[in-house]
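Below is one structure, written out as structure tokens, with a few remarks after it.
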Amino acid sequence: STTSFIAGPCGFATTGKPFGTTPLPLHMPYQGAQLAAATAYLGAHPQAVGTITLDIGINDLRAVQTACADQPADCIATRWPTALKGAEANLKLILGQLRKAAPEARILVGTYYNWLAAADQGGDRFVEDLNRVLIAAAADAGARTVLVFPTFNRTGNPVARLCALTLFC
């Protein structure tokens with residue numbers, strides 16, 4: 001989540017959760033928060049990094065969805081605005097610090113697709129909310145966005161597309 005990126009630790013890197021019990025192999029080992037590790041690396045290697053990619057924010061929505069799993073359908077709609085404001089503030093902080101640490105680097109921020117749309121397309125609006133925040137925060141930091149949502153959720157039959165492109169089905 002944007003919060004764990006700032007404050008640490010990353011569950012994927014430390015425990016592998018929620019996808020298992022061992023750290024995932026795609027994560028670089030680091031202590032503490034990922035933002036501190038990233039800015040320390042960038043500071044120690046000035047101008048050595050030409051491109052930074054950032055794929056963050058969907059776990060902020062997943063936390064709300066998980067908290068609302070056993071509650072009425074309007075739970076996500078009620079809790080999401082507050083979580084989204086927190087994610088927005090966190091994204092501005094993260095991108096601002098990355099830009100400061102690597103002023104010449106190209107920063108690419110990926111938007112999200114609604115992976116749950118194969119079961120319920122009603123969640124598109126929450127993912128689209130997050131994407132608007134990601135796009136605005138990226139623009140504020142002089143970063144570019146990679147628009148993923150249209151390819152997965154607005155091209156052809158979204159359910160068939162998600163089943164073909166992801167492991168959801």
Side-chain angles (χ1 to χ4, degrees), residues 1-28 34-35 38 51-95 98 106-141 143-169:
S1 72
T2 58
T3 300
S4 67
F5 191 89
I6 294 168
C10 172
F12 296 112
T14 57
T15 65
K17 293 182 179 179
F19 297 114
T21 56
T22 57
L24 296 178
L26 295 177
H27 283 77
M28 296 292 298
Q34 194 170 0
L35 181 59
T51 302
I52 298 168
T53 61
L54 190 65
D55 185 21
I56 191 167
I58 202 67
N59 287 332
D60 295 80
L61 174 56
R62 282 296 295 145
V64 174
Q65 291 170 325
T66 301
C68 291
D70 297 327
Q71 298 182 22
D74 64 343
C75 175
I76 295 172
T78 300
R79 293 183 183 199
W80 180 232
T82 301
L84 186 63
K85 284 186 189 305
E88 179 179 24
N90 289 345
L91 286 163
K92 288 179 179 181
L93 174 74
I94 291 164
L95 287 163
L98 291 173
R106 176 181 3 179
I107 301 175
L108 302 174
V109 180
T111 62
Y112 285 93
Y113 63 94
N114 180 12
W115 72 100
L116 298 175
D120 175 18
Q121 291 181 1
D124 281 3
R125 66 186 171 131
F126 303 114
V127 177
E128 289 176 304
D129 287 345
L130 175 61
N131 286 341
R132 280 189 289 278
V133 166
L134 284 164
I135 291 165
D140 287 349
R144 295 180 183 178
T145 52
V146 179
L147 303 177
V148 176
F149 187 89
T151 301
F152 283 81
N153 295 102
R154 295 290 184 255
T155 302
N157 176 331
V159 174
R161 188 110 174 127
L162 286 165
C163 290
L165 297 176
T166 73
L167 300 175
F168 184 82
C169 298

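Residue pairs meeting the salt bridge (Lys or Arg N to Asp or Glu O under 4.0 Å) criterion with at least one member in residues 52-68: none, sequence neighbours excluded. The list of salt bridge (Lys or Arg N to Asp or Glu O under 4.0 Å) pairs with a residue in residues 144-159, not counting sequence neighbours, reads Asp124-Arg154, Glu128-Arg154.
Within the 4.5 Å cutoff, no side-chain heavy atoms of Phe152 are placed close to those of Val127.
Summarising the geometry, atom CG belonging to Leu61 is positioned 7.0 Å from atom CD1 belonging to Ile76; distances are rounded to the nearest 0.5 Å. Rounded to the nearest 0.5 angstrom, Asn153 CG and Tyr113 OH are separated by 9.0 Å. The CD1 atom of Ile56 sits 6.5 Å away from the CG atom of Leu91 when rounded to the nearest 0.5 Å. Taken to the nearest 0.5 Å, the CD1 atom of Ile6 stands 4.5 Å off from the CG atom of Leu93.
Side chain of Thr111 to backbone of Val148: a donor-acceptor contact under 3.5 angstrom is found.
Shortest non-hydrogen contact noted between Pro81 and Ala77 is CD-O, 3.1 Å. Residues Asn114 and Gly123 approach most closely at ND2-C, 3.4 Å, considering heavy atoms. Across Ala141 and Leu95, no two heavy atoms sit closer than the pair CB-CB, 3.6 Å.
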For a quick test of your reading: what N or O donor-acceptor pairs under 3.5 Å do the side chains of residues 129-137 make, sequence neighbours left out?
residue, atom, partner, partner atom, Å
Asp129, OD1, Arg132, NH2, 2.5
Asp129, OD2, Trp80, NE1, 3.3
Asn131, OD1, Tyr112, N, 2.8
Asn131, ND2, Tyr112, O, 2.9

Side-chain donor-acceptor distances from residues 156-169 under 3.5 Å, at least two apart:
residue, atom, partner, partner atom, Å
Asn157, OD1, Val159, N, 2.9
Asn157, OD1, Ala160, N, 3.2
Arg161, NE, Thr151, O, 2.8
Thr166, OG1, Leu162, O, 2.6
Thr166, OG1, Phe168, N, 3.2

Report task. Test Thr2 against Ile94 for side-chain contact (heavy atoms from CB on, under 4.5 Å), laying out the working first. Result -> CA-CA 8 Å; Thr2 58; Ile94 291 164; 4.2 Å; yes
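Every residue two or more places apart in sequence or in another chain was checked for a ring pair (Phe, Tyr, Trp, His ring centres under 6.0 Å) with Phe149, and none qualifies. For the side-chain contact (heavy atoms from CB on, under 4.5 Å) test, residues two or more places apart in sequence or in another chain that qualify with Thr51 are Thr53, Arg106, Leu108.
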